[in-house]
Amino acid sequence: MNERRKPYPFDQFEPKWQRRWDESQVFHTPNPGEGGFDPARSKFYILDMFPYPSGAGLHVGHPEGYTATDIIARYQRMRGRNVLHPMGWDAFGLPAEQYAIKSGQHPAVTTRENVAKFKAQLKRIGFSYDWQREVNTTDPHYYKWTQWIFLKIYNSWFNPETNKAEPISTYPGNNPDEVRLAYVADVPVNWCAGLGTVLANEEVIDGKSEIGGFPVVRRPMRQWMLRITAYAERLASELDELDWPEGIKLLQRNWIGKSEGAEIDFEIADCALSGPEKIRVFTTRPDTLYGATYMVLAPEHSLVDLIVTEEQWPAVRDYRERTARKSDLERTELSKHKTGVFTGGFAINPANGEKIPIWIADYVLLGYGTGAIMGVPAHDARDLEFARTFELPIVEVVQPQGDEPAIGFVGEGVAINSPVINGLKSADAKKALTEWLEGRGCGKQAINYKLRDWLFSRQRYWGEPFPIVWENGKHRALEERELPVVPPELADYKPSGSGDPPLAKATDWIRYSEKATRELNTMPQWAGSCWYYLRFCDPKNDERFVGEEAERYWMGGPKPGGIDLYVGGTEHAVLHLLYARFWHKVLFDLGYLSKPEPFQRLVNQGIILGEDNQKMSKSRGNVVNPDDVIDQHGADAFRCYEMFMGPLEQMKPWSMRGVEGVARFLARVWRLMMTENQAGNWELSPRLQEIPPDKAQQKIVHATIKKVTEDIETLSFNTAISQMMVLVNAFTNAPVLPVTAMRTLLVLLNPFAPHITSELWEKLGENFQGAPLNITEVGWPQHDDALLAQQEVEIVVQINGKVRDKFRAAMDASEETLKSSARLLPKIQEHLGGKEIRKIVVVPNKIVNIVAN
RNA sequence: GCCGGCGUGGCGGAAUUGGCAGACGCGCUGGACUCAAAAUCCAGUGAUCGCAAGAUCGUGUGGGUUCGAUCCCCUCCGCCGGCACCA
């Protein structure tokens, strides 16, 4: 007999319960207005980041967050709330397309297979999703509305007066295409030849593509952009009210990168050209204007052509060409030392009227601020390096408060050598100088953001087509009734390499009408995940992206964010979480949504490492497959181990031994209530009896109710499980087991291990009355503080902070009583010897510390 | 370089308005059961010294505050994550 006997028959009852849940649809949550909806209950929307269904199937990292949310979903149902707990598929993406390129198989086929695999795996873990709400971003019924939302964005503009998005019809200007929230622009983009597509800034890491690690180069291309920068201020400030980890908020704030300062206009000296051209710079340190001894423009700056002199022209042209050829990677690597070229032109420092040389250098970026800076070498590290390289003058204008040298001092101090603001502290000097400039019409207060507009088009097949057609070189939106725009079948999905999208090959499909042709780009993978949480509220609605009542109910509530808890990985801290907030705010502004934010509370689960403490990867051979774990130890053990490993948010290594330990715990729970008869069948333990628990048992049961409840609320699942282990250990050798105590244990354990607890609950019900037959109908227990109260406490006695003895004393005994009892202890007397007591510190119910020498 | 997080037994981790460090689990050691093994149950398990009672040391390093510090402050070291010429 090779098959090792299971320590308890999970292999029989786990599939049984999963089938029953499926058949009875117990975890289906009706919407308001539907049959079975109970308006008396409050809502709880708990969401997982939906996965990309890859061919590799689920790995143990996915179910970590999913188990956490499942525990809370089941817990909240038992607390009597209407719980929305859905799952779906973020299924547009590169692997399916690349597989299609190789095999010719349509990506939809691959996707369908992978989804089936993922779904089967998730069901095997016993998650309580409402599968009637399943969504798939590649389903035309879904992406119809993704395209619809794009049209809303396209047909809106951001009104700075009202600080929100409005329909484009309210725009008073005469060229609405200039202000649309979705627009076309010739912009320097991140072109990735390896992937055959452009990428968003967020998708480029160290000059390489986030996916695949191919080199990325800057190249001007005509692309769709979303005006996310209009929302920079709100995206940053409205983070304040959200219950997110501070670290993630900071990551987003840094990405948005707000900085306050001033814009200052420098006149061009000896300008041979007609018209008073000026060069505008942005600075966060207007107080250092007197120290500006030169100026630098980005090589691509449009004014360079106007100011460069005859004899400097060859050098400038050469430098520009070299800069253009550099990839982002090279530009980063070469950032160590400064390069640049003098243009031959000069500008006038508006503070002191001095003539300062204008340079170009690639350390000044076209995309940030105005693409031009004033060089203040004394008080900026980069400017100092540049000035030293090219021997430009250095003028100190800030006096440090300490004894550091003024040159190279970048902190705040006192203004010097600056007639208008001398003696002022930096903060006041900034304000004073900005006002002074404003008065003379050559400067004003300004705010800048690092955030760029979102490059929203991709040269791919497997993505949402844009609901846009082109006619006479102009873009135009399709009508709502023309949605969804479904991509054509193709024989060859390969990108052309030139930047032409694969859709260019579908010559029939392209032709929209006699005169108009379709947009050939597709949307990036982020599009579908920007709003899937809304679709979950009402996934089958064909009239609207989400029904109004469903949206109000599930996405409503007293807080700014509608979703009560969102769990997922940190890798989405600035991508998905920023994009989704942006779309949400646009839809909110246009009146389609109840709340300005989507995700009220966010929790990031930590990465699970392999047993070797390394990141799991195929090449290392340390990947753990959930199916194998479930085969051996069952779904309940798998779930409990995932939670018992350590704090949810922490990175931690997998351990098969650890799984065994948790499986042993569940087996002990099983054997607590079941025994094996001589025929080898499990039957109810004769130790179970309908008697009240004794005092000690009652105390531990209520201590466990308290601890497990609190720990679920704070997502401290590991310590909740420990406490239940303590309880089981305490009952393991009891001659008689009170049924009520066992029932409480089963309810507490149910969210963690739903199968074994359902099975045992049912077995108990067959022999003992007085409880619902199904554990899902049971309410969550409440602990009784009176039962936890102690009459006696142990008092620790220390001498000079070292524990020397302990004694028991009545609860809330007076300080005097504790003092004298402690001093009378023989061990204490011995230790004190001839020492003189200088002081006695008493902490009631805890400690007596005798200070002596 | 800048920003953020973390550092506790052989291992995963627990403990915080500053009050018995090491809960729970793994591993290990011994015992019970067994012809034997597995499984299960019981006991022990931070280090050093000691037959023992017990003593001393101990939460990355060094210092400080305090009757008392894993917890608060300062210094340094290490690891992880993010940003990276952002003017």
Side-chain angles (χ1 to χ4, degrees), chain A residues 4-5 7 205-206 245-255 257-259 261 281-285 288 296 298 331-332 334-338 361-365 367-376 379-383 385-386 410 448-452 570-571 573-574 604 606-607 611 613 640-641 644-647 649-662 664-665 667-668 671 716 718-726 728-729 732-733 794-806 827 838-852:
Chain A
R4 222 180 74 215
R5 197 165 149 60
I205 315 268
D206 291 335
E246 283 305 318
I248 300 293
K249 288 192 189 179
L250 197 68
L251 240 46
Q252 286 215 355
R253 284 201 190 97
N254 288 344
W255 189 263
K258 179 178 180 172
S259 46
V281 304
F282 173 73
T283 177
T284 55
R285 292 297 299 271
T288 63
V296 186
R331 232 166 132 153
T332 322
L334 296 173
S335 72
K336 312 263 148 42
H337 62 273
K338 298 277 176 286
D362 66 3
Y363 84 93
V364 174
L365 309 170
Y368 183 77
T370 60
I373 62 154
M374 60 184 204
V376 185
H379 306 294
D380 181 281
R382 296 150 303 180
D383 295 347
E385 205 195 324
F386 190 80
V410 297
N448 246 290
Y449 300 91
K450 279 203 278 183
L451 186 71
R452 304 293 146 80
T570 341
E571 67 271 22
V574 285
N604 295 116
I607 302 172
E611 300 229 27
N613 248 299
C640 288
Y641 176 65
F644 188 63
M645 291 171 82
E649 298 178 73
Q650 194 172 299
M651 182 193 291
K652 46 212 177 282
W654 187 267
S655 155
M656 276 305 173
R657 298 271 199 192
V659 185
E660 286 170 34
V662 174
R664 270 202 279 274
F665 159 65
R668 274 209 301 282
R671 288 196 311 273
S716 310
N718 54 333
T719 49
I721 295 172
S722 308
Q723 178 63 31
M724 290 188 278
M725 287 173 168
V726 170
V728 170
N729 291 345
T732 293
N733 286 314
E794 189 171 60
I795 304 292
V796 172
V797 186
Q798 298 179 334
I799 295 176
N800 297 332
K802 283 185 182 169
V803 181
R804 295 302 182 186
D805 205 358
K806 297 163 188 185
K827 270 192 206 168
R838 301 172 58 95
K839 185 175 171 185
I840 300 180
V841 182
V842 178
V843 182
N845 297 325
K846 275 192 182 145
I847 220 163
V848 177
N849 188 15
I850 301 170
V851 186

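Numbered from 1 within each chain, the chains take letters A, B, ... in sequence-line order.
Listed candidates were B:rC24, B:rA14, B:rA87. Nearest to the side chain of A:M725 is B:rC24. The side chain of A:V796 has B:rC20 as its nearest neighbour among B:rC20, B:rC85, B:rA87. For A:Y363, whose side chain is taken as the heavy atoms from C-beta onward, the closest listed nucleotide among B:rG82, B:rC83, B:rC85 is B:rC85. Closest approach to the A:R657 side chain among B:rG27, B:rG19, B:rA87 is made by B:rG27 (side chain taken as heavy atoms from C-beta onward). The side chain of A:P647 approaches B:rA14 more closely than any other nucleotide in the set B:rA14, B:rC83, B:rA87.
Atom CG of A:L365 is separated from atom C1' of B:rC83 by 14 Å (rounded to the nearest Å). Distance, A:H379 NE2 to B:rC85 P: 23 Å, rounded to whole Å. The CE-P distance, from A:M724 to B:rA23, rounds to 19 Å in whole Å. Taking atom CG of residue A:N604 and atom C1' of nucleotide B:rG81, one finds them 11 Å apart after rounding to whole Å. Between A:L451 atom CG and B:rA84 atom P the separation is 12 Å, expressed in whole Å. Rounded to whole Å, the distance from CD1 on A:I607 to C1' on B:rC79 is 14 Å. One interatomic measurement links the two molecules: NZ of A:K338 to P of B:rA84, which rounds to 15 Å at whole-angstrom precision. Look at CD1 on A:I721: it is 14 Å from C1' on B:rA14, rounded to the nearest Å.
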Which protein N or O atoms sit under 3.5 Å from an N or O of nucleotides 41-48 of chain B?
residue : atom : partner : partner atom : Å
B:rC41  : OP1  : A:R671  : NH2          : 3.4
B:rC42  : OP1  : A:N733  : ND2          : 2.8

For nucleotides 2-12 of chain B, print each protein N/O atom paired with a nucleotide N/O atom at under 3.5 Å, atom names and distance only.
residue : atom : partner : partner atom : Å
B:rG12  : O2'  : A:M645  : O            : 2.6

Polar atom pairs (N or O), protein with nucleotides 67-71 of chain B, under 3.5 Å:
residue : atom : partner : partner atom : Å
B:rC67  : O2'  : A:N849  : ND2          : 3.4
B:rC67  : O2   : A:N849  : ND2          : 2.5

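Comparing A:A372 and A:N718 by the nucleotide of RNA chain B whose heavy atom lies nearest to each, the residue mapping closer to the 5' end is A:N718.
Using a 4.0 Å heavy-atom distance criterion, A:I847 is classed as a base contact. Using a 4.0 Å heavy-atom cutoff across all strands shown, A:T284 reaches sugar-phosphate atoms only and no base atom. Counting non-hydrogen atoms under 4.0 angstrom, A:K249 reaches nothing in the nucleic acid.
On the C1' atoms, B:rG12 is 16 Å away from B:rC28, given to the nearest whole Å. Comparing the C1' positions of B:rG9 and B:rU59 gives a spacing of 10 Å, expressed to the nearest Å. Rounded to whole Å, the separation between the C1' atoms of B:rC26 and B:rC49 comes to 29 Å. B:rU16 and B:rC2 have their P atoms separated by 34 Å, given to the nearest Å. Annotation: B:rG64 and B:rA52 have their C1' atoms spaced 40 Å apart (nearest Å). Rounded to the nearest Å, the gap between the P atom of B:rU75 and that of B:rG4 is 13 Å. Here, B:rU61 and B:rG10 have their C1' atoms 23 Å apart, quoted to the whole Å. Here, B:rG22 and B:rA32 have their P atoms 30 Å apart, quoted to the whole Å.
OP1 and OP2 of B:rA23 both lie 4.0 Å or more from every side-chain N or O belonging to A:T719. For A:R804 and B:rC20, the shortest distance from a side-chain N or O to OP1 or OP2 is not below 4.0 Å. Between A:N448 and the phosphate of B:rA87, there is no side-chain N or O to OP1/OP2 separation shorter than 4.0 Å. A close approach under 4.0 Å does occur between a side-chain nitrogen or oxygen of A:K802 and OP1 or OP2 of B:rC57.
The cationic atom of A:K338 (NZ for Lys, CZ for Arg) does not lie both less than 6.0 Å from the six-membered ring centre of A:F386 and within 45° of the ring axis.
Paired with A:D383 under the rule side-chain contact (heavy atoms from CB on, under 4.5 Å), one option of A:I373, A:T288, A:V410 passes, and it is A:I373.
By the side chain to side chain donor-acceptor pair (under 3.5 Å) test, A:N254 pairs with no residue at all, sequence neighbours left out. Listed by chain and number, the residues in a salt bridge (Lys or Arg N to Asp or Glu O under 4.0 Å) with A:K846 amount to none (sequence neighbours excluded).
For CZ of A:R253, the number of neighbouring non-hydrogen atoms (other residues, nucleotides, ligands) closer than 6.0 Å is greater than 12.
Stem analysis of RNA chain B (Watson-Crick or G-U pairs, both distances under 3.5 Å, runs of at least three) returns B:1-7 with B:77-83, B:10-12 with B:24-26, B:27-32 with B:40-45, B:46-49 with B:54-57, B:62-64 with B:72-74.
Taking syn as a glycosidic angle within 90° of 0, B:rG68 does not qualify and is anti.
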